[in-house]
Amino acid sequence: MRKTIVLAAIFAFFAGNMFAQGTSLVVYFSHTGEQYGVGEITEGNTAVIAKMIAQKVGANIFEIVPEEDYQKRYRSCVQVAKQEKRAKSRPTYVGDVDVSSYDTIFIGYPIWFSDLPMVVYTFLESHDLHDKTIVPFCTHEGSGSSKTDDTIKRLFATATVKKIFELRGSVAQNERDEACAAVDKWFKELGL
C-alpha cells in the first residue's frame, strides 16, 4: 500500500512538471483598458491565460510591452491596430529576453483583425525559434485563432509548433474556473 502511494506521488510530481523548471518560457502580449465584450479591465485577457500557463508548467514569463502604449479606449485602439496592420509596421517594445536557453516557448496574444498584433511579429522576427517547441495560445471574441498558428509555422519552419489554444477573452476575464479547466484540457490533449 505504502509503495503504491509513493509511486502515485512520484507520478503526480512528474505529470505536473513535464517541463523542467526554467526550460519553458511564456511570452505574451496583452492589452488593458476598454475591451470588446468585457468592458474596462486592468489585467488583459491574454495575460490571465499566460499567468495560468506559467504557473502550471513552472515557466518563466516575459510580457511584450510596446514602447508606445496602445490607446485604452476600444475604438481608438482598433484604429491604431488597423493602421499598423495596413502598414505592416513592427512596433518596438520595452526590454527583451534571451530565448536561447529555453526548449519550449509558449507565445500568447489577442487576435487583432484576424492576425497577430504587429508588436508580436516584432518579437517573433527578432528571435531565433527555429529549433524550439512553440506552443501558441490566443484570446479572441469570436474569430478563433484565425490560423495564426500557421503563420508561426511559416516563420519557423524547423520548429515544432503544437496545437494552438484559443479562448474567448470574456471567458478568460470573467469565468476564471472555466478558463483554467480549458487550459487543463488543452494540456491533456498536448500530453503535457
Side-chain angles (χ1 to χ4, degrees), residues 17-32 43-70 77 80-140 143-167 169 172 183 186-187 189-192:
N17 293 287
M18 288 294 282
F19 299 107
Q21 186 76 20
T23 63
S24 297
L25 175 67
V26 175
V27 174
Y28 73 95
F29 165 70
S30 199
H31 183 257
T32 59
E43 180 180 35
N45 303 328
T46 307
V48 171
I49 302 304
K51 291 172 185 176
M52 282 181 190
I53 292 168
Q55 189 270 330
K56 287 176 183 296
V57 300
N60 294 327
I61 196 162
F62 176 77
E63 180 179 4
I64 302 169
V65 178
E67 281 188 359
E68 189 172 323
D69 198 12
Y70 289 96
C77 181
V80 171
K82 198 182 286 187
Q83 289 168 358
E84 285 182 350
K85 183 172 180 178
R86 270 197 297 259
K88 296 184 180 179
S89 66
R90 296 299 186 259
T92 55
Y93 57 89
V94 178
D96 205 3
V97 62
D98 180 1
V99 299
S100 63
S101 64
Y102 295 101
D103 300 320
T104 303
I105 310 289
F106 290 83
I107 181 80
Y109 43 87
I111 299 296
W112 282 8
F113 301 103
S114 302
D115 203 353
L116 304 161
M118 295 299 106
V119 72
V120 176
Y121 277 104
T122 305
F123 178 88
L124 292 172
E125 292 169 358
S126 302
H127 294 85
D128 181 4
L129 305 181
H130 283 94
D131 296 319
K132 307 288 185 186
T133 296
I134 303 172
V135 191
F137 62 98
C138 67
T139 56
H140 62 88
S143 63
S145 69
S146 296
K147 298 188 178 185
T148 52
D149 52 334
D150 289 342
T151 300
I152 293 170
K153 288 174 187 173
R154 280 193 301 277
L155 289 171
F156 303 104
T158 59
T160 300
V161 180
K162 297 289 190 178
K163 178 185 175 193
I164 192 168
F165 175 76
E166 56 184 78
L167 188 72
V183 170
W186 173 55
F187 275 16
E189 290 169 1
L190 293 178
L192 303 180

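Values below: all heavy atoms of this structure, side chains included; hydrogens, waters and symmetry mates excluded. Please read all numbers here as calculations on a predicted model, not as lab measurements.
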inquiry  = How long is the straight-line distance from NZ of Lys56 back to OG of Ser24, given to the nearest 0.5 Å?
reply    = 14.5 Å
Val48 to Ala172 - nearest heavy-atom pair and separation = CG1-O, 3.4 Å
request  = State whether the side chain of Lys85 and the backbone N or O of Asp115 hold a donor-acceptor pair below 3.5 Å, judged by distance alone.
outcome  = no
Side chain proximity check, Leu124 to Leu116, heavy atoms < 4.5 angstrom = yes
note = OG of Ser146 to CZ of Phe113, rounded to nearest 0.5 Å, is 11.5 Å
message = For Lys88 and Arg90: C-alpha separation, side-chain torsions, deciding distance, then whether side-chain contact (heavy atoms from CB on, under 4.5 Å) applies.
response = CA-CA 7 Å; Lys88 296 184 180 179; Arg90 296 299 186 259; 4.3 Å; yes
task = Taking the side chain as every heavy atom from C-beta outward, state whether Val183 and Phe165 have any atom pair closer than 4.5 Å.
result = yes
inquiry  = Has Asp128 got a side-chain atom pairing as donor or acceptor with His130's backbone, closer than 3.5 angstrom?
reply    = yes
Spacing of Asp69 atom CG and Glu67 atom CD [to the nearest 0.5 Å] = 11.5 Å
inquiry  = Taking the side chain as everything from C-beta on, heavy atoms only, tell me whether Phe62 gets closer than 4.5 Å to Phe123.
reply    = yes
task = Please lay out, stage by stage, how Ile53 and Phe187 fare under the test side-chain contact (heavy atoms from CB on, under 4.5 Å).
result = CA-CA 9 Å; Ile53 292 168; Phe187 275 16; 4.0 Å; yes
Heavy-atom pair of closest approach, residues Lys51 and Glu43 = NZ-OE2, 2.8 Å
message = Can you confirm whether Val27 sits close enough to Ile64 that some side-chain heavy atom of one is under 4.5 Å from a side-chain heavy atom of the other?
response = yes
request  = Mind checking side-chain contact (heavy atoms from CB on, under 4.5 Å) for Thr46 and listing every partner two or more places apart, or none if nothing turns up?
outcome  = Tyr28, Ser30, Pro110, Phe137, Thr139
ask   = side chain to side chain donor-acceptor pair (under 3.5 Å) with Thr148: which residues, sequence neighbours excluded?
value = Tyr109
message = Is there a side-chain contact (heavy atoms from CB on, under 4.5 Å) between Val97 and Asn60? Walk through the geometry before answering.
response = CA-CA 10 Å; Val97 62; Asn60 294 327; over 6 Å; no
key: Criterion side-chain contact (heavy atoms from CB on, under 4.5 Å) on His127 and Asp96, from CA distance to verdict   = CA-CA 10 Å; His127 294 85; Asp96 205 3; 2.9 Å; yes
request  = Kindly compute the distance separating CG (Asp131) from CG (Asp103), expressed to the nearest 0.5 Å.
outcome  = 11.0 Å
task = Evaluate the side-chain proximity of Thr151 to Tyr121: yes if any heavy-atom separation is below 4.5 Å, no if none is.
result = yes
inquiry  = Rounded to the nearest 0.5 Å, what separates atom CD1 in Ile134 from atom CG in Leu129?
reply    = 4.5 Å
remark   = Looking only at heavy atoms, the pair that brings Ala59 and Leu25 closest together is CB-N, 4.2 Å
inquiry  = For the CD1 atom of Ile107 and the CD1 atom of Ile152, what is their distance to the nearest 0.5 Å?
reply    = 6.5 Å
task = State whether the number of non-hydrogen atoms from other residues, nucleotides or ligands found under 6.0 Å of Lys162 atom NZ is greater than 12.
result = no
query = Is it the case that more than 12 heavy atoms not belonging to Glu68 sit under 6.0 Å from its CD atom?
reply = no
request  = Would you please classify the geometry between the Phe106 ring and the Trp186 ring as parallel, tilted or perpendicular, with 30° and 60° separating the classes?
outcome  = perpendicular
message = Does the plane of the ring in His31 sit parallel, tilted or perpendicular to the ring in Trp112? Use 30° and 60° as the thresholds.
response = perpendicular
ask   = Counting N and O atoms only, with roles assigned by atom type, does the side chain of Thr122 sit under 3.5 Å from a partner on the main chain of Pro91, one being a donor and the other an acceptor?
value = yes
inquiry  = Looking at every heavy atom in both Asp149 and Pro136, which two are closest together, and how far apart are they?
reply    = CB-CG, 4.1 Å
Lys132 side-chain N/O to Tyr102 backbone N/O, donor-acceptor pair under 3.5 Å = yes
message = To check you understand the geometry: which heavy-atom pair defines the closest contact between Gly44 and Thr32, and what is its length?
response = N-CG2, 3.5 Å
